[in-house]
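Read through the structure below, which is laid out as structure tokens, and then see the notes.
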Amino acid sequence: MDSKQFREAAVASIDEIVKYYDTIEERPVVSTVEPGYLRKLLPDHAPEDGEAWSDIQKDVESKIVPGLTHWQSPNFLAWFPSSSSFPAMLGEMYSTAFTGAAFNWICSPAVTELETIVLDWLAKAFALPECYLSNGSTHGGGVIHGTASEAIATVMVAARDKYLRETTPGLSGEELEDAIAIKRSKLVALGSAATHSATKKAAMITGVRYRSVPVHAKDGYKLTGESLQATIEELRAKGLEPFYLTATLGTTDTCSTDDFDSIADVLAELAPPGPGEVWVHVDAAYAGVALVCPEYQHIAAHLDRFHSFNTNLHKWLLTNFDCSVLWVRQRNWLIEALSVTLAILRNDYTDSGLVTDYRDWQIPFGRRFRSLKVWFVIRSYGIKGLQAHIRKHVGLGEKFAELVKTRSDLFEIVTGPRFALTVFKLKGKGDVTTLEEQNALTKTAHDAVNNEGKIFLSSTVVGGVFAMRHCPATPFVEEEHVVKHFEVLVAAAEKALA
Ligand code: PLP
């Protein structure tokens with residue numbers, strides 16, 4: 001493909017993408033293909049000769065689109081959104097055009113410098129404490145990772161190495177190796193029962209034990225200092241050493257926010273700042289971007305008592321997948337755990353210590369130019385536009401919960417609305433009395449709704465209760481859609497109860 005053909009192909013592709021977006025609401029939200037559908041449609045072998053773009057493009061609509069679930073549809077209410085915007089798509093286009101493996105500053109200074117700048121912009125827009133700014137008093141800073149899972153695994157490695165380093169002072173050589181090997185086998189990473197599985201997976205990758213701290217309905221499924229204290233004391237009594245905790249702003253099931261102040265207070269007592277402290281990472285994968293609105297910023301006020309924080313711009317902030325932003329209070333914690341300086345990587349800029357080499361802030365070596373799409377999104381919407389985006393969805397969540405309450409004969413809210421998410425169940429009637437029977441009833445309605453295909457919801461189990469999750473946070477969802485979602489749910493509930 002030469003540049004003239006590229007221009008024609010790109011125009012044709014953009015036309016098709018615009019048409020896809022303009023008609024997204026009319027498409028059944030979940031793909032209905034059967035497993036293995038694509039193998040039947042594509043040849044067994046790769047083509048020997050190159051094909052014309054027009055032939056390739058035809059296959060996108062006829063063969064690929066049927067196998068897509070339309071995450072940008074206003075009727076997509078499942079899990080959390082993975083939001084998209086045209087400015088972010090343009091960012092992806094430029095990023096891929098300028099492609100390179102920008103592991104060091106000198107690989108493309110703009111890649112590194114723009115990332116540092118937009119992460120400082122965001123830290124300020126989210127009102128994060130100044131310790132997370134690249135020029136803050138503790139030498140912190142931000143970095144873009146692909147996903148929250150990568151961010152969590154990365155900080156867990158840094159936390160493990162920091163803990164091992166700080167709790168084996170004065171040793172060297174074989175003595176140090178032995179002490180570290182013994183200690184490593186005792187390390188425990190903590191999450192709560194509501195923490196996303198990314199933390200357990202990070203513990204598996206990091207080679208440490210994992211324990212989850214119980215959460216309770218009476219606390220709104222938040223992790224509290226009290227529960228944390230009980231778990232830490234229990235583990236220590238067994239000779240184990242908790243060194244890391246994921247606290248969550250917006251848990252996956254119910255969007256609860258852990259009780260940060262009581263967690264920090266308990267840790268200040270049990271593991272005071274200094275050698276042996278427990279690294280606290282705040283995973284705000286979905287709800288963290290709500291901090292762009294001043295009414296949520298009190299949540300971030302004490303994050304300087306913790307060590308790191310991440311949120312996924314690709315979930316709720318109009319930035320196409322993938323883009324998880326991570327801040328640490330001291331960048332050296334990452335660099336000391338992850339730095340590799342092979343001879344081939346040496347250069348005057350790195351040696352001068354005046355530049356950031358983001359390869360040392362992440363697990364992969366090479367990296368994409370992700371900050372371009374962030375820059376385009378922030379500049380295109382402005383902070384006010386981003387606030388309006390979040391507030392619209394929070395308002396739609398409130399609208400949905402109000403509608404649910406108007407049919408208290410059919411539904412019961414389990415939690416929420418929180419950050420647009422309402423978790424609800426069907427109300428048992430007459431002979432539907434046990435928890436199992438009620439759960440079966442809600443599941444019947446849930447499955448019927450998803451099979452019908454007008455809207456797509458996900459479910460969860462909270463405190464033994466099977467519940468549906470309604471999260472209207474995709475870019476094009478409006479109040480009229482929420483009213484329609486509710487009508488679909490009422491019809492399914494009435495049928496299930498009939
Ligand atoms: N943390 C929370 C609270 C989540 O809700 C999710 C996914 O929904 C994740 C982490 C994992 O996100 P990622 O796919 O970016 O690893």
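Order of listing sets the numbers, starting from 1, for every ligand and every atom in it. Residue numbers count from 1 along this sequence. Just so you know, these numbers come straight off a predicted model, no measurement behind them.
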Using heavy atoms and a 4.0 Å limit, tell me yes or no: is [X] in contact with ligand 1?
X	answer
A287	no
F80	yes
T251	no
H314	yes

When you compare the side chains of [X] and [Y], does any donor N or O come within less than 3.5 Å of an acceptor on the partner?
X	Y	result
H307	W333	no
S192	Y221	no
T99	T96	no
S308	H281	yes

Can you find an N or O of [X] that's nearer than 3.5 Å to an N or O of ligand 1?
X	value
N312	yes
S149	yes
G250	no

*Taking V143 as the fixed residue, which of L326, N310, T112 is the one that meets the side chain to side chain contact (heavy atoms under 4.5 Å, CB included) rule?*
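Single pass found, and it is L326.
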Nearest-contact summary for [atom] - protein heavy atom, Å:
atom	result
atom 7 (C) of ligand 1	K315 NZ, 3.3 Å
atom 5 (O) of ligand 1	T252 OG1, 2.9 Å
atom 11 (C) of ligand 1	H196 CE1, 3.4 Å

For ligand 1, the portion of [X] having any non-hydrogen atom under 4.0 Å away:
X	answer
D283	side chain
E150	neither
D322	neither

For [Y], is there any backbone N or O sitting under 3.5 Å from a side-chain donor or acceptor partner on [X]?
X	Y	result
T319	L317	yes
S324	H145	no
D258	T248	yes

*Look at atom CD of E479 and say whether more than 12 heavy atoms of other residues, nucleotides or ligands are closer to it than 6.0 Å.*
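No - once you tally the heavy atoms of other residues, nucleotides and ligands closer than 6.0 Å, there are 12 at most.
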_Distance under 4.0 Å to a non-hydrogen atom of A148: what atoms of ligand 1 satisfy this?_
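Answer for ligand 1: 10 (C), 12 (O), 13 (P), 15 (O), 16 (O).
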